[in-house]
Amino acid sequence: MISRFLKSREALLAGAIVLLTILIAIRFPAFVSAANLVRVFNDTSILIILALGQMMVILTRCIDLSMAANLALSGMVVAMLNAAMPGIPVPALIALAIAVGAILGAFNGIFVWKLNIPPIVVTLGTLTIFRGLVFVLSGGAWVNAHQMSDAFKAFPRAVFFGLPVLSWVAIFIVVLMTVLIGRTALGRAFYAVGGNPTAAVYTGIDVGRTRFVAFTLAGALAGLSGYLWISRYAVAYVDIAGGFELDIIAACVIGGISIAGGIGSVGGAVLGALFFGVIKNALPVVNISPFWQLAISGAAIILAVAFNARAERRRGRIILRQSEAAS
Amino acid sequence: MLNSASPAIAQHASPLATRPLLTLDGVSKSFPGVRALSEVALDLYPGTVTALVGENGAGKSTLVKILTGIYQPDHGTITLAGEPVSFSTAYDAARAGITAIHQETVLFDELSVAENIYLGHAPRGRFGLIDWKRMNKDAAALLRRVGADIDPEARLRGLGIASKHLVAIARALSVDARIVIMDEPTAALSHKEINELYELVERLKAEGKAILFISHKFDEIFRIADRYTVFRDGECVGAGLMADTSHNELVRLMVGRSVDKIFPKTEAEIGETVFTVSGYSHPTEFADIGFELRRGEILGFYGLVGAGRSELMQALFGITRPSRGAVRIDGEVAVIRSPAEAIRRGIVYVPEERGSQGAIAGLPIFQNVTLPSLGKTTRAGFLQLSEEFRLAREYTSRLELRAAALDRDIATLSGGNQQKVVIAKWLATKPKVIILDEPTKGIDIGSKAAVHEFMSELASEGLSIIMVSSEIPEVLGMADRVIVMREGRIAGEFAREGLDAETLVRAAAGIDKVQS
Amino acid sequence: QDDVKIALVVKALGIGFFEAAHEGAKEAAEELGGVEIIYTGPTDTTAEGQIEVINSLIAQNVDAIAVSANDRDALVPTLKKAMDRGITVISWDSGVAPEGRQMHLNPSSNALIGEMCVKMAAEHLPEGGGDVAILSASATATNQNIWIEEMKKVLPNYPGVNIVATVYGDDLADKSYREAQGLIQSYPDLKAIIAPTSVGIVAAAQAVTDAGKAGEINVTGLGLPSEMAGHVESGASKSFAIWNPIDLGYSATMIAYNLATEKAMAEPGAEIPMGRMGSVKLDDNNEGAMAEPFVYDASNIDDFKDIF
Amino acid sequence: MSDTTARAIPDRLESRWTTWLKSWEMLLVGVVVFVFAVNAYASPYFLNAWNLSDATFNFTEKAMIAMAMALLIIAGEIDLSVAAIIALASTLMGLALQYGAGTPELVMIGLGVGLLCGAFNGLLVTGLGLPSIVVTIGTMSLFRGIAYIILGDKAFTGYPADFAFFGQGYVWWVVSFELVLFLFIALIFGVLLHATYFGRMVYAIGNNATGALFSGIRVARVKFILFLLTGLMSGVAAVCLTSRLGSTRPSIAFAWELEVVTMVVLGGVSILGGSGSIPGVVLAALIMGLVTFGFGLANVPGIVMSIFIGMLLIGVIAAPIVWRRLRGESVG
Ligand SMILES: Nc1ncnc2c1ncn2[C@@H]1O[C@H](COP(=O)(O)OP(=O)(O)OP(=O)(O)O)[C@@H](O)[C@H]1O
Ligand SMILES: Nc1ncnc2c1ncn2[C@@H]1O[C@H](COP(=O)(O)OP(=O)(O)OP(=O)(O)O)[C@@H](O)[C@H]1O
Ligand SMILES: [Mg+2]
Ligand SMILES: [Mg+2]
């Protein structure tokens with residue numbers, strides 16, 4: 001068990017993150033203070049949630065480019081609703097954000113399921129459509145901090161046992177996903193559908209519907225992230241999380257989730273996101289110009305994918321093994 | 001028709017059970033361009049092994065897929081224990097108590113052995129969550145039952161093909177089924193594992209399960225089956241008790257004509273050595289391969305599935321690199337690093353996997369034919385369509401291709417006709433040596449004869465042919481000389497005269513040390 | 001007689017500041033009569049986007065274009081083309097290089113803005129001064145860089161102000177927030193953050209509040225009263241400044257109108273009337289300043305927060 | 001004819017003319033005519049030579065890249081780093097400018113950087129066998145990241161006057177150099193894809209890469225060349241765009257990759273590889289240019305146009321499928 005973990009991608013990635021943190025800590029001990037680590041985790045929470053959503057989709061051999069746009073649209077819907085009717089309780093708004101996100105995700109899923117359109121085309125289209133709808137909905141206007149109710153803004157910030165609710169939500173989602181992916185038929189179906197779609201049919205799994213469910217769940221997580229994002233930064237506008245879809249995919253790739261489907265783990269996605277989080281937060285601290293960040297994450301993606309591909313490279317079946325051993 | 005072997009008569013004659021557990025009636029299934037099954041009938045009795053025999057492409061696997069809910073029949077009825085049933089997914093069939101070991105291993109490389117066995121019906125624990133511990137334990141028990149020494153927590157990816165097959169068998173047994181279907185379960189197994197499988201079948205029989213057993217191996221059928229049903233070209237042409245039939249009668253039912261006509265081997269004049277392979281080795285797939293091939297000769301390669309024949313041929317064709325060894329063409333040493341180079345040297349390869357390696361679905365027929373010869377049909381890199389059509393017409397008409405037009409997508413053709421296009425594609429390069437890997441695998445009987453006839457014709461025109469085949473009759477019928485491979489090595493070489501099936505099987509399975 | 005068509009091209013649609021400028025433009029149009037305002041801009045702050053927009057304005061044969069540029073140089077060729085086709089081109093807020101416009105209207109003089117920022121920070125520093133950091137917008141924004149330069153020029157007059165870092169939030173809320181967090185983290189003695197950008201100042205104030213440092217670290221700079229009201233109330237920001245964007249839009253429109261109808265000429269030394277805002281005097285670069293920035297604090301914020 | 005046998009198979013079922021009439025390209029021609037007509041009706045400014053000429057600048061640079069991208073996608077790969085290559089090429093051109101490079105050197109550098117970046121992508125994909133979509137998401141960050149490291153908050157300006165010709169010059173009357181260059185590139189790629197050995201290999205690889213390899217095609221080499229071409233076209237676009245803007249910032253051409261891919265897919269190229277045509281992509285570029293320009297004349301914000309483009313993308317791909325469904329044909 002333990003030795004199996006030590007040999008896994010997750011262990012390697014975890015090691016890389018620890019090493020990176022230690023290196024930073026040598027020069028800036030404050031970086032590893034409990035408070036700062038909590039801050040880094042909190043800052044990465046939304047990326048973790050989104051990466052877990054994207055992971056489900058990628059596991060089924062699909063891809064969702066529209067997650068960030070979905071986040072913006074669901075976020076804008078609840079922000080505007082909150083601004084217009086501050087009386088609506090926050091839990092209802094959170095539920096609404098999740099529902100809107102799920103509907104948008106289902107919209108992607110239905111095209112993939114019923115019309116068999118390649119996911120990349122569908123979500124490339126919905127990426128611009130969702131983003132455009134945010135503009136149409138808001139008329140391009142911002143929803144500012146003072147227009148949001150205090151309860152709306154307070155939720156992700158409230159601290160329990162030393163951690164903000166935002167972090168708790170991420171932890172909750174991680175636990176939920178661990179159970180879903182590891183212990184339910186649906187979770188295992190994601191692996192089956194992505195790993196070998198033909199064999200999945202032989203097993204009685206409806207490939208299209210499983211993909212649809214993955215898109216819907218990913219959409220729901222994007223919706224949740226939409227609320228968390230705007231309440232955390234206390235502002236909503238058309239461009240929020242612009243370009244974030246690629247960060248999400250990058251976190252998955254760094255976390256060892258194979259773009260070809262069927263390979264990946266919750267731990268990998270979380271670590272992939274954390275890797276991003278540490279880098280993003282460390283750069284200003286170690287006084288490297290923020291302009292380096294993009295290049296560093298690019299290099300990390302390339303290294304990660306090259307590394308994972310090497311680990312995945314089929315060892316070839318060895319016909320000669322038995323006879324070699326015999327002689 | 002031979003439908004006189006109707007359920008009524010069979011039932012009457014059965015000493016084993018009185019009422020069939022499962023009855024199929026008038027079941028038909030068509031694919032674009034192929035009628036895979038037409039109006040077939042089949043009965044399965046509890047505690048009885050029914051053998052389903054028929055040539056490649058007779059529709060056996062299609063029937064299995066219908067019974068397991070993967071395909072839906074175009075029409076016809078399925079009656080299970082007196083109730084009419086219909087399955088829309090594999091899950092429905094499993095719930096009704098039908099389980100199958102499919103011909104192709106349909107498993108998941110990235111998942112663990114235990115999960116491959118239990119995917120879709122994993123044991124549940126608290127809150128309805130999957131109970132991994134119990135799953136691993138149950139899987140271990142099942143694997144012991146099929147006589148496999150495999151760690152249930154291992155990833156499937158690392159297993160060999162035989163082990164994978166055992167996992168597939170374990171998966172079939174993991175469902176509490178009344179009907180167990182086995183589609184060529186022994187094709188990838190070794191002698192010892194085959195015997196264990198036979199014992200398992202006996203046990204299942206004793207438990208009162210109805211078993212449908214599909215196999216091309218006659219000795220096997222006569223050993224374990226109680227009844228038989230024969231398919232030919234998608235039709236049911238006979239059924240009855242094994243005790244009432246003979247080897248010859250089954251063959252006659254299967255083939256529908258006398259056997260030697262299918263392999264129209266004409267004696268070609270065998271000339272000088274064209275192609276020599278010596279000490280050819282690969283780190284993991286094959287070792288110390290050496291043979292010669294002469295002009296006008298058909299050299300057969302026989303072996304069990306997974307013996308490494310395809311790997312060897314692909315290395316000769318430049319797809320993979322050997323670690324050691326040399327190839328001579330017309331006495332000259334040739335280093336072949338890529339298929340392009342092999343083609344230039346006059347060696348071509350008709351691959352086993354027609355769908356993924358041979359035909360390029362999406363391209364029209366004529367473009368498939370001209371693809372490796374484009375150097376000849378282009379001028380300064382520019383395409384000459386009329387020249388391409390001319391070339392395609394020339395070679396496809398030699399093979400008597402049937403198609404609506406040459407600009408149709410090759411995917412619209414039937415399997416046999418696709419194979420003809422693939423062969424035409426290679427002939428158009430005017431090769432010296434042509435390697436045919438399972439040239440008649442999965443193609444219909446008419447095309448099969450055409451391919452065989454054509455092979456003879458090519459040989460008599462002076463072409464040298466290597467024919468990889470797992471079908472003993474084909475090897476015996478067509479080859480001038482046969483090399484048998486086992487576990488990546490040559491296990492024997494035999495001349496045509498006096499060669500029989502038994503010798504080949506023994507050499508392939510390594511039962512006796514056979515001297516060549 | 002057709003309406004005079006004046007296009008107000010902004011950095012990006014949806015930004016509160018520019019929406020307010022639009023209001024001012026409409027006010028000017030009403031006052032003038034016979035003026036049609038086209039309010040437009042790209043969706044995100046890119047030069048390419050603005051060029052597309054300007055191309056379609058040229059095609060529509062507008063009479064004047066007043067642009068707040070995303071890129072000082074990249075717009076020049078397109079704007080030159082516009083001028084070649086007889087369209088009056090001015091820049092306002094964020095300028096265009098001289099060859100790409102007839103004149104540029106600064107909201108205020110850069111020197112005044114720079115000094116105001118430092119002064120606001122200095123006023124609320126504890127005895128003996130303290131560390132101050134700058135959170136700028138996109139690193140490429142012309143006006144931001146000029147103001148930062150101006151701030152550095154007046155530093156000798158404010159010995160207590162110790163500038164420790166300049167970071168860039170790219171006018172993105174999340175990036176600015178993270179940069180501000182980084183500042184709070186890396187400089188434990190930080191006493192003030194100057195953010196001369198309306199996006200940055202809000203994000204910084206939010207970051208300070210979330211870090212529990214409201215009242216300890218003073219966030220100041222340039223911001224909109226509507227967006228900053230909450231933070232002034234919470235004490236995260238003691239004071240901040242801005243010119244009135246309504247006035248800015250109004251003035252730009254007035255100038256564009258006067259130039260397009262040839263009621264005035266844009267040349268060094270010229271004085272161009274801007275209705276109720278008086279007139280602007282052009283310097284050697286054909287640039288002029290509208291007015292002094294205006295300081296908002298707890299005493300007056302409530303009067304303005306619902307206006308812009 | 002001598003080789004006609006009794007059961008001869010005809011070469012073609014329908015004349016090439018009929019095939020063309022039923023093709024995707026005809027559908028796109030229809031859309032072009034429709035959009036053109038609507039624009040002409042809706043705006044008095046539309047039918048004006050200068051305005052139409054200006055409108056072409058909205059798409060020519062992206063369309064140049066789309067030509068190469070079409071081949072790459074037909075071959076079953078994708079390059080999402082094209083916009084980042086523009087940024088890097090433009091930045092290095094600007095850097096060279098600081099060291100006194102003249103127009104010829106600048107052009108050489110722009111094209112050279114494009115080629116190098118393409119080679120880097122190609123090497124990672126064909127040499128290490130990595131999935132191109134992930135590799136190019138990585139290089140997209142890397143290339144643009146390097147541009148940011150070099151430029152930071154600065155900008156390179158002051159390109160020589162004769163350099164402006166590539167992005168701002170006119171060849172004849174309203175016909176811009178960029179438009180002519182684009183048409184020339186389209187012609188080259190059209191011939192390359194549809195009339196040469198190389199093009200045939202591209203289709204074969206896209207339909208079945210293993211099958212192509214088994215047919216003696218050097219798959220890795222062809223794919224590498226396609227990445228090179230895509231890089232080169234990005235370099236060409238970088239020269240044109242830099243010349244048109246007269247300045248370089250690291251955010252140049254931001255998010256263009258998605259527009260380029262949209263153009264290619266709208267042009268009827270299957271994202272799964274194996275089919276598509278250059279005329280289709282040219283028409284798609286025209287449609288996107290006309291739609292943007294038409295909306296622009298009505299002062300509709302760009303983001304609303306993008307909703308329309310997004311719907312167009314999904315709509316044109318879904319329409320034939322829905323149509324076949326409605327007619328009761330099965331879908332593969
Ligand atoms: N999915 C499919 N699409 C098109 N044709 C098919 C499909 N599946 C099977 N066929 C065709 O149906 C016919 C029957 O195939 P089937 O696999 O049932 O044969 P089989 O009897 O199992 O042969 P073998 O002994 O080789 O396994 C063949 O001609 C085959 O090509
Ligand atoms: N361990 C394995 N895992 C997956 N596939 C395997 C494995 N072993 C063999 N195969 C597949 O089984 C088939 C037969 O293997 P191979 O071609 O090497 O042997 P062969 O002697 O040529 O057998 P055949 O008679 O099928 O041609 C191949 O398609 C190969 O991919
Ligand atoms: Mg079969
Ligand atoms: Mg084989």
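The sequence lines fix the lettering, A, B, ..., with proteins before strands; numbering per chain opens at 1. The shown structure was predicted, so the numbers you read here are calculated from the model rather than taken from an experiment.
Chain A forms the most heavy-atom pairs under 4.5 Å with one residue out of D:Leu258, D:Ile317, D:Ile146, D:Val304, and that residue is D:Leu258. With chain D as partner, the option from A:Leu124, A:Ile301, A:Ile117 having the largest number of non-hydrogen pairs under 4.5 angstrom is A:Leu124. For the set A:Ile63, A:Val305, A:Leu303, the entry with the most heavy-atom pairs within less than 4.5 Å of chain D is A:Val305. Put simply, of D:Ile78, D:Ile307, D:Ile137, D:Leu312, the one with the most heavy-atom pairs under 4.5 Å next to chain A is D:Ile307. Heavy-atom pairs under 4.5 Å with chain A were tallied for D:Gly302, D:Ala318, D:Ser270; the largest tally goes to D:Ala318. If you tally non-hydrogen atom pairs under 4.5 Å between each of D:Leu272, D:Ile314, D:Leu151 and chain A, the highest count goes to D:Ile314.
Taking each heavy atom of D:Ser141 and A:Gly298 in turn, the nearest pair found is CB-CA, 3.4 Å.
The backbone N or O of D:Pro250 lies less than 3.5 Å from a partner atom in the side chain of D:Arg144, making a donor-acceptor pair. Of the possible donor and acceptor atoms, none in the side chain of D:Trp256 sits under 3.5 Å from a partner among the backbone N and O of D:Ala84. Side-chain N or O atoms of A:Arg131 include none that pairs as donor or acceptor with a backbone N or O of D:Ile303 at under 3.5 Å. Judged by distance alone, the side chain of D:Thr136 and the main-chain N or O of D:Leu80 form a donor-acceptor pair under 3.5 Å.
At least one side-chain heavy atom of D:Val125 sits under 4.5 Å from a side-chain heavy atom of D:Glu77. Between A:Ile58 and A:Ile259, some side-chain heavy-atom pair lies under the 4.5 Å cut-off. The side-chain heavy atoms of A:Ile230 and A:Ile240, taken from C-beta on, include a pair separated by under 4.5 Å.
At a 4.5 Å heavy-atom cutoff, the contact between A:Phe111 and chain D is made by side-chain atoms alone. With a threshold of 4.5 angstrom between heavy atoms, A:Val253 approaches chain D through side-chain atoms but not through N, CA, C or O. Of the atoms belonging to A:Val136, it is side-chain heavy atoms, and not backbone ones, that fall under 4.5 Å from chain D. For A:Ile249, the part lying near chain D is the side chain, with the backbone staying farther off; criterion is any non-hydrogen pair under 4.5 Å. Heavy atoms of D:Met305 lying under 4.5 Å from chain A are absent altogether. For a residue to count as touching a neighbouring chain, one of its non-hydrogen atoms must lie under 4.5 Å from one of that chain's; by this rule A:Leu133 touches chain D with backbone and side chain alike. Of the two parts of D:Ile149, the backbone and the side chain both hold a non-hydrogen atom closer than 4.5 Å to a non-hydrogen atom of chain A. For chain A, no part of D:Ala255 is nearby; none of its heavy atoms comes within less than 4.5 Å. Interface residue D:Val265: only side-chain heavy atoms are found under 4.5 Å from chain A. Of the two parts of D:Ile133, only the side chain, counted from C-beta on, holds a non-hydrogen atom closer than 4.5 Å to a non-hydrogen atom of chain A. Only the side chain of A:Val238 comes within contact range of chain D, with heavy atoms under 4.5 Å apart.
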*Apply side chain to side chain contact (heavy atoms under 4.5 Å, CB included) to the pair D:Phe120 and D:Leu142, showing each step before the final yes or no.*
CA-CA 11 Å; D:Phe120 186 65; D:Leu142 183 65; 4.0 Å; yes
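With A:Lys280 as reference, A:Asp247 is the one residue of A:Asp247, A:Thr44, A:Ile296, A:Leu47 to meet the side chain to side chain contact (heavy atoms under 4.5 Å, CB included) rule.
The closest side-chain donor-acceptor pair between D:Asp79 and D:Thr230, if any, does not fall under 3.5 angstrom.
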